Amino acid sequence: MPPATPSERCLTVSDLAVGFAARGGTILALEDISFHVDAGETLSLLGESGSGKSVSAQAIMALLPDTAVVSSGTVRFDGKDLLALPRRETRRLCGTEMGMVFQDPLTALNPVFTVGDQIAELFRVRQGLGRRAAREAAADVIDTVGIPDARRRLGNYPHQFSGGMRQRLVIAMAIALKPRLLIADEPTTALDVTVQAQIMDLLGRLQREHNMAMLLITHDLGVVADVTDRVAVMYSGRIVETGDVRRVYDRPGHPYTRGLLASVPATAGGGKHQPLATIGGLPPNPQRRPQGCTFHPRCPFAQDICRTERPPMVDLGNGHGATCHFAREMVADDRLFA
Amino acid sequence: MPAYLLGRLGSALLVVLGAATIVFLAMRAIPGDPAVVMLGVSATPEQVAALRADWGLDAPLPVQYLNFLTRMVVLDFGQSIRLGMPAMQAVSQTLPYTIYLALVAFALALLVGFPLGVFSALQRGKAADKLISLFSLAGQSLPSFWVGIMLVLLLSRTLHILPSGGAGSPEAVLLPAVTLALPLLSVIVRLVRSGLLESMGEPYIQTARAKGLGETRVVGVHGVRNMLIPVVTVVGLELGTLLGGAVIVETVFAWPGLGRLLIDSIAARDYAVVQASVVMLVLFFVSINIVVDLLYGVLDPRVRVDG
Amino acid sequence: MADLSATTTLASGRALPLGIVLPAIVVGFYVLAAVIGPILLGFDPVATSLADRLKPPMTALANGSLSLLGTDAVGRDLLAQMLAGARISLAVGAATLVLASLIGVALGVVAGYWGGAVDTVVMRIADIQLGFPSILLAVLVAAVIGPSLTNVILVLAVTRWVVFARVARAQTLTIKSRTFVDASRTLGATDAHIIINCILPALVAPILVVATVQFGLVIVAEASLSFLGLGLPVGIPTWGGTISAGRSYLANAWWISTMPGIALSILVICVGILGDTLRDRLDPNLVTR
Amino acid sequence: QSADVLRIANPVAVTSLDSFGAQSADQPTISVMQQVLEPLVIRKDGQLQPLLAASWENPDELTWRFHLNEGITFADGSPLTSADVKASLQRLIDGKGPLSGLWGAVEAIETPDDLTVDIKTNTRLGTVLSNLSMLGIAPAAALEDPNFFNAPFGTGPYRVAEFTPSQFVALERNPEYRGEPAPTARLEYRYIPEVSGRITALENNEIDVTWGLPPDQVAQVRDSQSLTVESFPTFGNYYMWYNSSREPFTDVRVRQAMWHAIDMEEIKTFLFDGTAEVAKGPIPQDIFGAAEQTPYAYDPEKARQLLAEAGYPNGFTTTMMWSSMCCTNIREFAETLISYWAAVGIQVTPQELERATWLENLLALNWDSTLAEGNTITGDADFTLARLYLSTANRMGYANPELDELLLAARAEIDQDKRAELYAEAGKIIWDDAVGIFPLDMMMHAVYRNEVTGFVPTPTGMPRFDTVSKQ
Amino acid sequence: MIASSPDPLAPLLALDNLRVSFAIRSPILRRIKMQVDAVAGVDLAVAPGKTMGVVGESGCGKSTMARAIVGLERPTGGSIRFAGEAIEDADANARRRLARDIQMIFQDPFASLNPRKTVAQIIGEVWDVHPDLTPEHGREREIIRLMERVGLSPEMASRFPHQFSGGQRQRIGIARAIALRPRLIVCDEPVSALDVSVQAQTLNLLAELQQEFGLAYLFIAHDLSVVRHISDELAVMYLGRIVETGPVETIYQQPAHPYSIALLSAIPVPRPWAEERPPRIVLEGDVPTPLAPPSGCRFHTRCFMARDVCRSESPSLRPVAGRNVACHFAEEALTRSAPGADA
Ligand SMILES: Nc1ncnc2c1ncn2[C@@H]1O[C@H](COP(=O)(O)OP(=O)(O)OP(=O)(O)O)[C@@H](O)[C@H]1O
Ligand SMILES: Nc1ncnc2c1ncn2[C@@H]1O[C@H](COP(=O)(O)OP(=O)(O)OP(=O)(O)O)[C@@H](O)[C@H]1O
Ligand SMILES: [Mg+2]
Ligand SMILES: [Mg+2]
């Protein structure tokens, strides 16, 4: 990986491991998670349901539930190790330095307070603004996320907004205090295609305006391609591949990434009525992950070594890496993407 | 809103009417005759008949019923046989005591139960939580007359801290209020605890945390406010039954409330007072329900009727 | 789609937590005591012994036996009386709950499933029931049929059905709008089929939970009826009856009221814990009263 | 607490102060009102003595003439006149309450002058004096006022200052009272139904005096340093009636057998802590007209033998009902009796009923046997015997022409000594025929704090406090 | 079975001006506040053995239409014909008969399975309701056969839904839907809740089943790539109406309704650099609520081509270039969406 100058580096996660206390032992939700996001850059965490994307975000924002145990790793933000700080200190960075957009805009807003109150609360509590000034500021933010008639709508309750507008409100809240890092956990999953396009546009615009670093969490391969610089693909609590989007998509170094890309019906309409490529089997139970490469039971290329040895992150050049014993062979294989 | 209120009032009136009819029929269906109760062992049929005629009880049932309903409209329930005064006067002399007792108990339940529930939720799974849970479980289902008796035994008889009964001194309300409050308090503790836990699991709490708000504010403002909705619904209902539950507590503590009046009046087959008490109790109950409904609208903007 | 196997059903053979085992043992002990207790230590309501009256716990009686928990106002052994009372109180509790839940579930399901006028009528009746002083009801029934076991159960069931009806109705409302009910409908299923196959099974857990809370309340309510002189006939011992009878003797024989009170409390608390644990395991979202 | 206020706890609520109507026989009402309204004659130490009336005579057999004392005034300053007496008696009769039956024979009340009242009857009425002892005289003008009974007054030492039905009554000194003013300025009655509540309140100095304790709790209170217990006989007793119109109680041997099965002495000693008297007649001995009878001996053998003779060698099954609100330890008492009967093979099912239901059953003769408490409040045997034991009253299915004759003759007898003899005879029949079982005569236990002095026992069971003071 | 249609080209299912409205009651008032026309006059035809894809924004009435077809909602107007027979007013008995021909697969594979029943019971419910259709070789064997057919191991028959993954649950739902050998399956977003890899498996299964049993699908989805992959015909819905319908490739290659244009341009594609795409059109504003639909053309509030006439006059479906479009300016739109044209 080309070493980025430390000044532009915004967030660095290294060797993060998070477990959950559960009946019948701990669930290791994250293992060996390392990635970084630079200022003005977008990193996408891509992966299927349960692969650990949200837990990663929660770990950074100190939002993990009490049952979670961070067993190792560091999260460096602004030179500080957030995991070493008391939770209270980390929280203090939330809102001001780090903002977060949640998946479901309906439930992410408190239903019993007006949106004005909820946004103004940020200014009042975090910046000590007076009631009126806070409201003014709130109106301004709502305006910047493109909700018309902002001032009047301050007094409305979340249920009086449509899904897309709610998501904009959540975004407004996340960027209100101009954080340097924005974490967006599946910000458009609950939305329609056309609205999704609006929201992604908005996020892109805001990111450029504020030169924010953005960590975008999604399971939609398409969304990633549009707005992302780099991508990290997660599978069963681990990052299996990371690198520049185009490189990863065009030349996936991990069979899982490869399978994922293949199973999307081609938008171009090719292969109509042809069976889609699929990944056989099921994701492992996090309490009983297979030995060696966690993907090996489902991997069409699995060899003996995959069953016994955990593959290291193989450097494929230009910041592209994959945790597969045969990553180089994968990249060299031209069968899939001619 | 007025239309809504009207509809709600309409159904409330229906409930009152239903209760009134039932109490009217019930009093006449049960054995025992007011005249006989009054005259006692020596009652002769002639005496009984004369008294019944005096009280208008010799009229046909439908006539009595109609009479009862028409006069009920102006809250006139007739004369109390036992007390020699208008039944409504008897009720209005005792109802304030019951309402006072219920309100003190309610306040107590709220002031103690609410913080205890919040505390318990925040301490989830810890020893304090378990202890509070046990306490609330006990408080919810222990017989209030037994609790009352034990409280008297302990605080009044043994420690001489509080008066054992009556409404003579200002502190006399404490023991009956505590006894009456205990079940409600326990319900509140449990509701608040589970409500807060549920509300704390909602995504908007994560949002609040992600805003960097202190945990106190997250719990105290965002958590508590949402938890109020289920709590108010149940507590409102319970407040209504608090009045009914007062019967036993009033007996144990010689509290001169409506509950005692009701018991004594039933025993004396004092139709007018029983009818008045029941109608007033039910009226109170449905009013509280309406208030709760309205409050619900205040607390939860999602059900607010706009425009 | 979190790990769903975490929501283990009771049937799964995992080690049961103390929250179930301990209270279950206690409740089992009560049931056992109720069943065999009276056989071991018979209670004869007419075996009064005036010389032995109001004896404190651990007193040797005139006939040489030891009274573990003392004697009552006519010299009958309190322990024997409580054992016999356990049988009655438990029976009353169980019978009442069965009756109340049958009525409540039936009405609640009907109201919730068909809604509209039926719903309105049932819920208004429930309102009347809730607002109506249950003591009057007790007097009514007691007076009309005379004090009897059936009566007490009837009165208690009538005052309890509303709770079950409400839960059943609420649950029916949510279940009937669930997709799997739609799925049954698209198969052409009739209302009866849906009620039997979709609604009723979903009611079992919440009703069971409500029943555990109500169990304590019902036993207590029976006691309260006895306290007001509307309970079971004299000569049929119940905990409530004993507590109530002992209240005039608080000054000189505290044990008469206290002992059955403690026995009752322990049972009620244990059943409550069972209910809580059950609720946590069966339906974490159910808010019960 | 001020020595000028005596705090009294009622075991039963004072529901009304109208002593002329429904509550005319109501003990709590009379108990308060006897200090407010005074009768023409009063029963003192078993004797009827003049109070408002100075003297009386019978101009003829159907007329009772009373001469009122001169110069007596009501608390409002108005003088007592014969019109007040007439109005009061008339109101009692018109009130149709439980005492109005005592005056069924009255034909006219006349007031020849301001201080003379004539009560004319259609038959001879021997009970006029004892009946009058229950009639407090209220001012005629005030009786017209519907609100009078919220704060009634009369010629007595106290007048009512405050009244909340069922809760609270306060009496204050009557400034116009002709005699020595009552030692305590204010009497406050509070209703505390629970025994333990009353005792606790007493111990905690929340009240000064109460009564109505169960006999078996008295010993306990006696031990208390700060309390005094006064126990004294009353006009009240327990009785257990058989429904003599029903099998097997139609047979006198059965009735007697059941009596013989019970050890009254043991009941008295243990259940009543010795604070009751084994009955020696159907009414307590202090009542006018009572005569001592020979108690039935505790003799289970004899009981069995009598049963066998009556055709029930193996006993029988029957029921006994009572009112749950009857009296303090009625249930224990009943259970004890039932145990005794069980010992001679008679299975008695207990039926504890609500009072109204009990009364309805009682009047309908819809019962086998019943246990109850009676109080001859007038202190005159007629009140109990002639009201209840006449075959025309048909209270217990027992009909005996001889008894009827005696009782009617006694009521019509103006000569009080002769009356007493007739009642004695009637009492003996009731006793020997075992119309019911008369187990115990009740004692009253008044408990007060040691500061209280001057309490005078009242056999009516309705204590008065116009002689009581606090130090 | 309902009389088999003589003409193989006649539509199996035909919606004619179908309307479904809901009365909105305020929560405590219980009185009708307003009317939502969730489906506001839809014409649609599904050919036997073919797949009709339906796309549209959330809340545009797709599910309501689907539910009306299977009888879960009562239409307030228009007609539904199945194999030529009007079924919109079918009573309970007729519905039971229809259930043999029309089945449904639901979006949420978890919610659509009774959590208290085993897989065998869930599939077997079919014959609880239709005992007369119980296969000769017995229920058990048929259940096993069905499970095998949809790719579930028969040992799992006694498991409960929560013991399955999302994809497996959806297979259970599919097994139940095909148990009666229906002719039409209404699929309401059957793969939306599934991860891409599982989605592919499910789509493959549906395609196989169609081949095997000659099923017709009404396939609702919001993922346009999925719809394109599986459908023969396409209907684009907007606010309770169909704005464009026709052969799927025709529309994809050159949409003729501005909404279709925007929709297709907004599809995120995994490798945009590898495809030639029309320029992205990001629509302004939000979807109007069906409680107060805009006058005239319902899309005019967000339309980048709207003129005055659009505000007043509601366009009806008309044939344009091989498909039906409801737009006053379909021809113009067509030129805009022509490959290579600038939007
Ligand atoms: N509070 C928790 N307790 C126990 N396990 C948890 C908890 N939260 C998450 N997990 C587990 O951690 C793993 C990762 O979950 P996470 O929510 O990060 O997935 P995700 O990638 O965000 O999936 P999705 O796309 O469904 O949101 C899962 O196996 C999940 O079961
Ligand atoms: N039972 C109902 N009562 C009232 N309104 C309803 C009801 N069901 C649906 N609606 C309304 O009808 C409209 C269409 O809903 P429908 O569920 O059919 O949309 P959809 O296209 O399936 O959306 P999605 O893509 O979100 O599933 C929506 O506005 C919805 O709010
Ligand atoms: Mg997630
Ligand atoms: Mg839908």
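Fair warning: this is a prediction, and the values are worked out from it, not measured in the lab. Chain identifiers are assigned alphabetically (A, B, ...) following the order of the sequence lines, protein sequences preceding nucleic acid strands; residue numbering begins at 1 within each chain.
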Side chain / backbone / both / neither for [X] at chain B, heavy atoms under 4.5 Å:
X        : value
D:Ala25  : neither
D:Glu188 : neither
D:Ser166 : side chain

Could you verify whether a donor N or O on one side chain and an acceptor N or O on the other, from [X] and [Y], lie under 3.5 Å apart?
X        : Y        : answer
B:Arg82  : D:Thr15  : no
D:Thr164 : B:Gln93  : no
D:Asn204 : D:Thr200 : no

Please step through side chain to side chain donor-acceptor pair (under 3.5 Å) for the pair D:Thr384 and D:Thr376, ending with a clear verdict. CA-CA 6 Å; D:Thr384 297; D:Thr376 311; 2.7 Å; yes

Contact winner vs chain B - D:Gly101, D:Pro165, D:Gly21, D:Gly97, heavy-atom pairs under 4.5 Å: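 Ranked by contacts with chain B, first place is D:Pro165.
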
Any idea which of [options] has the most non-hydrogen atom pairs under 4.5 angstrom with chain D?
options                             : result
B:Gln89, B:Gln47, B:Arg260, B:Met85 : B:Arg260
B:Ala268, B:Ala35, B:Ala43, B:Ala50 : B:Ala43
B:Asp54, B:Thr44, B:Ile81, B:Asp264 : B:Asp54

Only one of B:Arg52, B:Arg269, B:Arg28 forms a side-chain hydrogen bond (donor to acceptor under 3.5 Å, both in side chains) with B:Asp33, so which one is it? B:Arg52

Can you name the one residue among D:Trp358, D:Trp322, D:Tyr242, D:Tyr239 that meets side-chain hydrogen bond (donor to acceptor under 3.5 Å, both in side chains) with D:Thr370? D:Trp358

